[in-house]
Amino acid sequence: MTSQKEGNGSKPTDHKTNGHADAEAATEKAGGDEDNSLDAILVRIGQFGRYQIINYVLLCVPMLFNAFFSISYVFTASTVVHRCTVPQCDSPSSVYEEDWLGFTIPYKNSAWDACHRYAVNLSAAITGYTDPSGQYCLQEYFTDTSETCGRDFKFRDEEKTISTEFGIYCEDEWMLSMVGTINNVGQFVGIPLGGYFADRYGRRTMLAVAGSLSALMGVIRSLSSNYSMFLAFEFLDMAVGSTLFPTAFLLAIELVGPKRRVAAATIITIFYALGEAFLGFLASQVPHWRWLLRVLYAPAVLQILFLWILPESVRWLLSQGAEEKASNVLRQAARINKRPLPEEQVEDLLSSNRQKLSQANESQYPIMRAVVFFSLRIANCCLCWFTHTLIALGLSLNSVNLGGNKYTNFMLNGFIQIPGLLLPLIIMDRVGRRYSLCASMLLCAICMGASAAVPADNRAGSLTLFLIGKLAITCSFQILYFFTSEIFPTNVRNTLLSLCSMVGRIGSMLAPQTPLLAKYYIYAPQILFATFALISGFLTLAFPETSDKVLPTTIEEARDLNQAKRRREES
């Protein structure tokens, strides 16, 4: 498989967000059909020695930053808790909570209405009068008819977002949700472009340049003077920075031995989840959106130093014919790991690589034939990816709308992904890919459906169901990475995985709009998530089982996966 195909996948956000779509394509690329002589060298010099650990730790840094960048709009472009000002009752010293709110402000969905107040039955001369003495602040002066209250509000907290900065409230709140959609449009554009440039100019170069440019876009965004400027730099930020996850992922696993790649892939993905949790903590400490952006983005400028402190991917160097540089990286790794590296083995690798490059243009690429063969499988896969990106990102965004402290909820949303990422390592081989995927999606659907039956004031119950649902969808998403790369043949695997994940990104574009559904019915987002998870969960049973089976090389082998023998039966 040529290097050109490696970076053309797309990353889901969530989680995962933001925040993983072609991760398993990278894993398969790094370990599925690479030249075995390089794997043999990695085993000899240490599959995960001191050299790999040092670089692995460095590569966890851009994973954290990518989590910040891909979902920071949850806090910078969020609405703030507010209520209408009541002229007959409010004075300059009034606060958000007052004793007289029961007859002046409608109460729904366990909160005071943010955009309406009860109309008064006073004469027109008195209606607009603010009386600090509270002479007219009595229940007998208010009706049961609600009215909109313009732009005069009382705020509960000191939090400052673009909502308060640019006056975006009530009927204009779709503009806040649009920020998340534009963010994901930027990722949709940026990930394939980033993959191309990473293949063209190198993993390390792309990681350093894209990371520092994204940091610059974020700092400039913190200086926005209007909504349009903020939106433009939100798009540019993701257009250049969304490639951080897949590029760091590739670099992290491409110098790890074959027996350590699954663990390496899982651990580095965990750092994305930790980044989301840490984002919630930072947002709680820095309540002003401009300063929050500067705290998140300014340190990321230092990623330009990766040009000097990170090694380039050996696999990429070999694909470009840069034999001397590739061999130097391997020798340096062997020296730091204190392992011997015979020159004959290096020469065998280089000789094999030359032959591989000379034959690269002769390989067949029957993509159209594969589309015809696997049309139903591809359609099912696209729906599955759409469902996962919609739910995974949608739950992250809706976590701040749960009862209780929104920062705590968002941190829990990040931490709960960690067991969700580790669980597949236990169940995939024992239960099988297909049943593990189906069961975890159905568990998510059950939790989302059950949450609609929990009273809005039962915060503990709602949060518990939410976290179990988030764990389940994270688990199934991790399984989906592996599963998708195993159901298609080698010579079209990355292309079809990229197609599925790119279609899936439509779900992440729609996810920022799901909180708006709660304005019409409080449980509408949960019902939407439950419906998609239920339908797609059952449809996953139509996939062939791939557990313990050899990766299919040809279209015929992929077609006959259901009849293929397990590897343990063949041995």
Correct closest heavy-atom pair for Ile268 and Ala248 would be CD1-O, 4.0 Å
Q) Side chains of Lys325 and Glu312: closer than 4.5 Å at any heavy-atom pair? A) no
Heavy-atom closest pair (Pro62 atom, Gln303 atom, distance to 0.1 Å) is CB-OE1, 3.2 Å
Separation between CE (Met206) and OH (Tyr201), nearest 0.5 Å, reads 10.5 Å
TODO: Test side-chain contact (heavy atoms from CB on, under 4.5 Å) on Phe245 and Thr269 and set out the steps.
DONE: CA-CA 9 Å; Phe245 183 99; Thr269 305; 4.2 Å; yes
dist Ile304:CD1 -> Leu213:CG (nearest 0.5 Å) comes out at 7.5 Å
Working for side-chain contact (heavy atoms from CB on, under 4.5 Å), residues Met217 and Val240: CA-CA 9 Å; Met217 295 299 109; Val240 298; 4.2 Å; yes
Looking at the rings of Tyr297 and Phe65, which for Trp means the six-membered one, are their centres under 6.0 Å apart? no
Fill in: Any donor-acceptor pair under 3.5 Å from Ser214 side chain to Ala210 backbone
no
Are Gln187 and Ser70 close enough that a side-chain donor and a side-chain acceptor fall under 3.5 Å?
no
d(Leu310 CG, Leu305 CG) to nearest 0.5 Å is 10.0 Å
Q: State, yes or no, whether a side-chain contact exists between Ile220 and Leu236 at a heavy-atom distance under 4.5 Å.
A: no
Side chains of Leu42 and Val314: does their closest heavy-atom pair fall under 4.5 Å? no
- Message: Could you tell me if the side chain of Ile41 sits less than 4.5 Å from the side chain of Leu330, heavy atoms only?
- Response: yes
*Do Arg290 and Ser222 have a side chain donor and acceptor closer than 3.5 Å?*
no
Between Phe48 and Tyr56, is the ring centroid distance below 6.0 Å?
yes
When Ile479, Leu541, Ile487 are each screened for side-chain contact (heavy atoms from CB on, under 4.5 Å) with Arg434, the one that passes is Leu541
Separation between CG (Leu480) and CZ (Arg433), nearest 0.5 Å, reads 12.0 Å
>> Main chain of Arg221, side chain of Ser224: is a donor-acceptor contact present, judged purely on distance under 3.5 Å?
In response: yes
- Query: Counting N and O atoms only, with roles assigned by atom type, does the side chain of Thr247 sit under 3.5 Å from a partner on the main chain of Leu244, one being a donor and the other an acceptor?
  - Reply: no
Closest non-hydrogen atoms of Val43 and Arg339, given as atom of the first, atom of the second and distance, are O-NH1, 3.9 Å
| Are the ring centres of Phe477 and Trp385 closer than 6.0 Å? | yes
Smallest heavy-atom separation, Ser72 atom then Leu296 atom, equals CB-CD1, 3.8 Å
The reported gap from CG in Leu38 to CD in Gln345 (rounded to nearest 0.5 angstrom) is 10.0 Å
| message | A side-chain contact here means heavy atoms from C-beta on lying under 4.5 Å apart; do Phe68 and Leu282 qualify? | response | yes
Original post:
For Met441, does its backbone N or O pair with a side-chain atom of Ser476 as donor and acceptor, under 3.5 Å?
Top reply: no
Do Cys384 and Phe483 have side chains that get closer than 4.5 Å, going by heavy atoms? no
Just so I know, are the side chains of Cys60 and Leu64 near enough to count as touching, which here means a heavy-atom distance under 4.5 Å? no
Backbone of Tyr51 reached by a side-chain donor or acceptor of Asn337 within 3.5 Å: yes
For Leu397 and Pro512 the tightest heavy-atom approach is CD1-CA, 3.3 Å
| task | Could you tell me whether a side-chain N or O of Thr389 sits under 3.5 Å from a main-chain N or O of Phe386, the two making a donor and an acceptor? | result | yes
Checklist line | Cationic N near anionic O, under 4.0 Å, Arg331 to Glu343 | finding: yes
Are Asn328 and Gln332 close enough, and set up right, to give a side-chain contact (heavy atoms from CB on, under 4.5 Å), and what steps lead you there? CA-CA 6 Å; Asn328 286 340; Gln332 183 185 28; over 6 Å; no
Side chain proximity check, Thr243 to Ile191, heavy atoms < 4.5 angstrom:
no
message = Tell me if a side-chain donor or acceptor on Asn183 pairs with a main-chain N or O of Phe235 at a distance below 3.5 Å.
response = no
Ile309 and Asn55 have their tightest heavy-atom pair at O-OD1, 4.3 Å
*asked:* Between Thr205 and Gly202 (side chain of the first, backbone of the second, donor and acceptor by atom type, cut-off under 3.5 Å), is there such a pair?
replied: no
Under a 4.0 Å threshold between the charged nitrogen and the carboxylate oxygen, would Arg44 count as salt-bridged to Asp348? no
Glu347 backbone acceptor or donor facing Ser351 side chain under 3.5 Å = no
Check your understanding: Quick check: are there more than 12 heavy atoms from other residues, nucleotides or ligands sitting under 6.0 Å from CZ of Phe271?
Key -> no
Distance col, row Ser396:OG vs Ile391:CD1, nearest 0.5 angstrom, shows 12.0 Å
Open item on the list: Between Thr181 and Tyr73, does the side-chain contact (heavy atoms from CB on, under 4.5 Å) criterion hold? Intermediate values first, please.
Closed with: CA-CA 10 Å; Thr181 297; Tyr73 63 86; over 6 Å; no
**Item:** ring-ring contact (aromatic ring centres under 6.0 Å, His included) evaluation trace for Phe410 with Phe75
**Value:** CA-CA 10 Å; Phe410 193 81; Phe75 298 105; 5.0 Å; yes
| message | Can a side-chain donor-acceptor contact be found between Glu323 and Asn353 if the only test is distance below 3.5 angstrom? | response | no
- Message: Whether the side chain of Ser536 engages the backbone of Ala533 through a donor-acceptor N/O pair (distance < 3.5 Å, no angle test) should be reported.
- Response: no
